[in-house]
Amino acid sequence: MMIVTTDQVAGYEITDVMGYVKGSTIQTKHIGRDITASLKGIVGGEIKGYNEMMTEARKLAMHRMVQEAEEKGANAIIGMRMQTSTVMSAAAEIITYGTAVVIEKK
């Protein structure tokens, strides 16, 4: 599955538009990560536990979007975007979305 943030793919022609696809997940904080984050808040530095959590959340959201595109018969996603938002004080949503298309090499 080719995924691009552009509306076209160089060297390819869009032969069919399958429609909007998305993937999302909501991640919550973990007490162990909160303790580490609190300490980092005092001394500064990267909060690796949260970074790892958000990396996994992005991968899961992307995977779900790709699954949806494959179910529609697409072989590419164009115009892909990723956003995050706070759902509640201890949880964040990651959402990826784009347009599922069928592309062929020119």
Side-chain angles (χ1 to χ4, degrees):
M1 178 72 58
M2 186 179 299
I3 303 170
V4 297
T5 58
T6 57
D7 293 331
Q8 299 291 324
V9 181
Y12 290 83
E13 178 182 351
I14 296 172
T15 60
D16 203 359
V17 176
M18 310 309 281
Y20 170 80
V21 289
K22 62 139 181 77
S24 66
T25 185
I26 297 173
Q27 294 292 315
T28 60
K29 294 180 182 179
H30 179 277
I31 189 68
R33 289 182 178 137
D34 282 348
I35 292 168
T36 302
S38 296
L39 294 173
K40 286 290 184 174
I42 295 169
V43 298
E46 180 181 8
I47 305 170
K48 292 182 180 171
Y50 283 155
N51 188 35
E52 291 167 4
M53 178 185 74
M54 295 307 289
T55 296
E56 288 303 312
R58 285 188 293 271
K59 286 179 185 178
L60 181 56
M62 290 283 286
H63 175 73
R64 289 176 176 168
M65 178 184 64
V66 168
Q67 278 186 314
E68 190 174 319
E70 287 173 342
E71 288 170 7
K72 291 184 174 195
N75 65 354
I77 299 170
I78 61 171
M80 192 281 292
R81 301 290 185 265
M82 186 177 293
Q83 293 182 322
T84 185
S85 63
T86 302
V87 178
M88 54 188 238
S89 64
E93 177 185 33
I94 300 288
I95 184 166
T96 58
Y97 59 94
T99 303
V101 296
V102 175
I103 58 174
E104 293 179 5
K105 194 95 166 137
K106 288 183 182 179

Other cluster members, [X] - Ile/Leu/Val/Met/Phe/Trp/Tyr, side-chain contacts below 4.5 Å:
X: Val102; result: Met18
X: Val9; result: Met2, Val4, Tyr12, Ile14, Val17, Ile78, Val101, Ile103
X: Ile26; result: Val87

Exercise. Please list, chain by chain and in numerical order, all residues satisfying side-chain hydrogen bond (donor to acceptor under 3.5 Å, both in side chains) with Thr99, sequence neighbours excluded.
Key: none
Self-check item: Those residues that, when tested against Thr55, pass side-chain hydrogen bond (donor to acceptor under 3.5 Å, both in side chains) (two or more places apart)
Solution: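 side-chain hydrogen bond (donor to acceptor under 3.5 Å, both in side chains) list for Thr55, sorted by chain: Arg58.
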Practice problem: Please lay out, stage by stage, how Met54 and Ile94 fare under the test side-chain contact (heavy atoms from CB on, under 4.5 Å). | Solution: CA-CA 8 Å; Met54 295 307 289; Ile94 300 288; 3.1 Å; yes
Quiz item: Distance-only, no hydrogens or angles: does the Thr5 side chain make a donor-acceptor pair with backbone N or O of Gly79 under 3.5 Å?
Solution: no
Smallest separation among heavy atoms of [X] and [Y], with atom names:
X: Gly98; Y: Ile77; value: CA-CG2, 3.9 Å
X: Thr96; Y: Ala61; value: OG1-O, 3.1 Å
X: Ala57; Y: Gln27; value: CB-CG, 3.3 Å
X: Met1; Y: Ala76; value: SD-N, 3.4 Å

Quiz item: Lys22: what forms a side-chain contact (heavy atoms from CB on, under 4.5 Å) with it, not counting sequence neighbours?
Solution: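 Lys22 satisfies side-chain contact (heavy atoms from CB on, under 4.5 Å) with Tyr20, Glu68, Ile95, Tyr97 only.
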Exercise. Sequence neighbours left out, what passes side-chain contact (heavy atoms from CB on, under 4.5 Å) with Leu60? Give chain and number order.
Key: Thr25, Arg64
Quiz prompt | Glu70: salt bridge (charged side-chain N to carboxylate O under 4.0 Å, His left out) partners, not counting sequence neighbours | solution =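 Here no residue qualifies.
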Exercise. Would you mind reporting whether Met82 and Met62 have side-chain heavy atoms less than 4.5 Å apart?
Key: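 A side-chain contact under 4.5 Å exists here.
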Quiz item: In Å and rounded to the nearest 0.5 Å, what is the CD to OG1 distance from Glu104 to Thr15?
Solution: 4.5 Å
